[in-house]
Amino acid sequence: MMQNDRKRKPDEEALLSFVQTAKPRESYVYGYSESRASRSVMELARYMQTSGFVNLVQKREKKGFAYMAIRTSKSARVR
């Protein structure tokens with residue numbers, strides 16, 4: 001899925017691990033409106049959405065929004 005020689009950050013690794021192991025419809029919160037995810041995580045999430053591995057949604061919470069990735073049924077091979 002992603003081939004990149006740079007070292008991935010822990011939050012990127014967590015999102016990639018989620019995509020590799022999650023069952024369809026499982027969700028993962030990768031950021032909040034009051035404490036945004038890093039740019040690299042947001043770009044990775046957007047890439048995984050355009051590739052069909054997740055759907056991205058916002059969930060309303062008391063103090064803003066949670067940014068979530070919901071796993072689709074498309075098979076993923078993340079390297």
Side-chain angles (χ1 to χ4, degrees):
M1 176 163 129
M2 285 195 66
Q3 288 186 356
N4 198 336
D5 290 338
R6 75 170 177 80
K7 186 173 180 177
R8 292 188 184 105
K9 298 176 184 174
D11 48 352
E12 292 172 326
E13 287 292 339
L15 183 55
L16 289 170
S17 178
F18 163 75
V19 170
Q20 289 177 317
T21 60
K23 294 178 182 171
R25 293 189 224 143
E26 287 185 343
S27 62
Y28 174 79
V29 176
Y30 64 92
Y32 295 92
S33 56
E34 66 272 1
S35 60
R36 290 237 166 177
S38 69
R39 182 180 181 121
S40 61
V41 170
M42 293 188 323
E43 289 174 355
L44 178 59
R46 192 168 297 124
Y47 170 80
M48 288 193 288
Q49 178 188 28
T50 59
S51 298
F53 300 118
V54 298
N55 292 314
L56 301 181
V57 298
Q58 294 177 358
K59 180 181 176 187
R60 183 175 292 281
E61 297 196 335
K62 290 181 182 181
K63 294 185 177 184
F65 292 95
Y67 298 102
M68 301 172 65
I70 301 175
R71 188 67 173 93
T72 65
S73 59
K74 184 175 181 177
S75 177
R77 281 190 167 172
V78 182
R79 289 183 247 149

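Predicted model, so just to flag it, every value in this text is computed and none were measured.
Although no hydrogens or angles enter the test, the distance criterion places no donor-acceptor pair under 3.5 Å between the side chain of Ser73 and the main chain of Pro24.
With sequence neighbours excluded, the residues satisfying side-chain hydrogen bond (donor to acceptor under 3.5 Å, both in side chains) with Tyr67 are Arg36.
In terms of hydrophobic clustering, with Ile, Leu, Val, Met, Phe, Trp and Tyr side chains grouped at heavy-atom distances under 4.5 Å, Val29 and Leu44 are assigned to different clusters. Residues Ile70 and Met42 do not share a hydrophobic cluster, clusters being chains of Ile/Leu/Val/Met/Phe/Trp/Tyr side chains in contact below 4.5 Å. Follow the hydrophobic side-chain contacts under 4.5 Å out from Phe65 and you never reach Val57; the two are in separate clusters.
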Give the intermediate values and the outcome of side chain to side chain contact (heavy atoms under 4.5 Å, CB included) for residues Arg71 and Phe53. CA-CA 6 Å; Arg71 188 67 173 93; Phe53 300 118; 4.0 Å; yes
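Listed by first then second residue, pairs satisfying salt bridge (charged side-chain N to carboxylate O under 4.0 Å, His left out) with a partner in residues 17-35 number zero, not counting sequence neighbours.
For the atom pair CD of Gln58 and OG of Ser33, the computed distance is 8.5 Å after rounding to the nearest 0.5 Å. Here Gln20 contributes atom CD and Leu15 contributes atom CG; the two are 10.5 Å apart, rounded to the nearest 0.5 Å.
For the pair Leu16 and Met48, the tightest heavy-atom approach, listed with the atom from each and the gap, is CD2-SD, 4.3 Å. Listed here is the closest heavy atom pair of Ser51 and Lys74: O-NZ, 2.6 Å. Closest non-hydrogen pair, Gly52 versus Thr72, comes out as O-OG1, 2.5 Å. The nearest pair of heavy atoms linking Ala45 to Leu56 is O-CD1, 3.7 Å.
Within the 4.5 Å cutoff, the side chain of Val19 has no heavy atoms near those of the Tyr28 side chain. Put simply, the side chain of Tyr30 does not reach to within 4.5 Å of the side chain of Met68, judged on heavy atoms.
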